[in-house]
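Only this structure's heavy atoms are used, side chains among them; waters, hydrogens and symmetry mates stay out. Here is the naming used below: chain letters follow the sequence lines, and residue numbers restart at 1 for every chain.
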Number of protein chains: 2
Amino acid sequence: MTAVQAERMGAMCDSARTHVNELLVLLSKSKMLHILYILNCDPKPMRFSEIKKSVDSSSTTVTRRLSELEAHGLVKRTAYPTVPTTVEYTLTKDAVSLAPSLESLFGWVLDRADKQ
Amino acid sequence: MTAVQAERMGAMCDSARTHVNELLVLLSKSKMLHILYILNCDPKPMRFSEIKKSVDSSSTTVTRRLSELEAHGLVKRTAYPTVPTTVEYTLTKDAVSLAPSLESLFGWVLDRADKQ
DNA sequence: CGCACAGGTTACAACATTGTTACAAGAATC
DNA sequence: GATTCTTGTAACAATGTTGTAACCTGTGCG
């Protein structure tokens, strides 16, 4: 598995390398893993305010992250013309395929936090 | 799995929450996942210059990341009194338990980069 | 002598990110 | 008429992060 991945990385052309880098930069932004994780925890669509409360950041930052995720096709944004506005966010199919990795990562983080 | 994790997060005390946050901030720093990944790719100790070349950052940043990882007990640093200095880095046992998650994450990233 | 080597450290300037504040929309409620 | 609600956006100051250039160790080599 590891060796196969290393080979893949070695054989990659420049554009693929760029994409890998882009994705890593995206995932490394503050609160990004957290947002993806909580969107994954519950299969039902989440509202902006729920996400904001859960990650504990300013709305500016949450907005930025969500739109970055949307731009990369990992999150789907649906706005309803209610008053006041209602907006829901869900993970796309692509992002759902990331879920097992995220769960595994968070499992490790939680285990490690327990031990401290 | 997901529900269990959500429950664990909900039941966490403040100090555990702090630890989770700390770990997520640590893992979200630029090049951090990359460094952990390449340290994991090869089981043998890696030298500073190899790591630096692989992640393509300034030595300042690589040094910072490696010492942050060492401070969190994820990386072990061994310096040999040769001339010029030789320094080797290896993942600790704790970090090795993170490997499957990282491999899974990178697998997703590589798959996704392929499709672009 | 003077430079090269590996693996850093330090100071500092340039750049990026974050939070804060103010504002918007438009119906409902006091 | 003022205020509340949600989901943002824009401008800006404060803060954080990064790279660059200079420097360090101590031996070997020309």
Rounded to the nearest Å, what distance is computed from the [atom1] atom of residue [X] to the [atom2] atom of nucleotide [N]?
| X | N | atom1 | atom2 | result |
| --- | --- | --- | --- | --- |
| Glu68(B) | dT9(C) | CD | P | 12 Å |
| Lys31(A) | dG16(D) | NZ | P | 14 Å |
| Glu50(B) | dC5(C) | CD | C1' | 16 Å |
| Leu66(A) | dT7(D) | CG | P | 11 Å |
| Lys52(A) | dG8(D) | NZ | C1' | 12 Å |
| Phe48(A) | dT6(D) | CZ | C1' | 9 Å |
| Lys53(A) | dG8(D) | NZ | C1' | 18 Å |
| Arg65(B) | dT17(D) | CZ | C1' | 8 Å |

Could you check whether any side-chain N or O of [X] sits under 3.5 Å from a backbone N or O of [Y], counting only pairs where one atom can act as donor and the other as acceptor?
| X | Y | answer |
| --- | --- | --- |
| Ser28(A) | Leu24(A) | yes |
| Thr86(A) | Thr82(A) | no |
| Arg65(A) | Thr60(A) | no |

Reckon [X] touches a base, only the sugar-phosphate, or nothing at all at heavy-atom distances under 4.0 Å?
| X | answer |
| --- | --- |
| Tyr80(B) | nothing |
| Thr60(B) | base |
| Ser30(B) | sugar-phosphate |
| Ser58(B) | base |

| task | Respond yes when some side-chain nitrogen or oxygen of Arg47(B) is under 4.0 Å from OP1 or OP2 of dA6(C), and no when none is. | result | no
| query | Can a side chain N or O of Thr86(B) be found less than 4.0 Å away from OP1 or OP2 on dG7(C)? | reply | no
Residue [X], side-chain heavy atoms: nucleotide from [options] that is nearest:
| X | options | result |
| --- | --- | --- |
| Thr85(A) | dT18(D), dT7(D), dT18(C) | dT7(D) |
| Ser57(B) | dG19(D), dT6(D), dT18(C) | dG19(D) |
| Tyr89(A) | dT7(D), dG8(C), dG8(D) | dG8(D) |
| Ser59(A) | dT7(D), dT9(D), dT17(C) | dT9(D) |
| Val87(B) | dG8(C), dA6(C), dG19(C) | dG8(C) |
| Arg64(B) | dT18(D), dG26(C), dT17(C) | dT18(D) |
| Thr63(A) | dG19(C), dC5(C), dG8(D) | dG8(D) |

| query | Would you call Cys41(B) and Tyr37(B) a side-chain contact if the rule is heavy atoms closer than 4.5 Å? | reply |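 Yes, their side chains come closer than 4.5 Å.
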| task | State, yes or no, whether a side-chain contact exists between Tyr89(B) and Ile51(B) at a heavy-atom distance under 4.5 Å. | result |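 Yes, their side chains come closer than 4.5 Å.
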| field | First encountered from the 5' end of DNA chain C, between Thr61(A) and Pro84(A) | value |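 Closer to the 5' end of DNA chain C: Thr61(A).
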| task | Report whether Leu105(B) and Val25(A) are members of the same hydrophobic cluster (ILVMFWY, side-chain heavy atoms less than 4.5 Å apart, transitive linking). | result | no
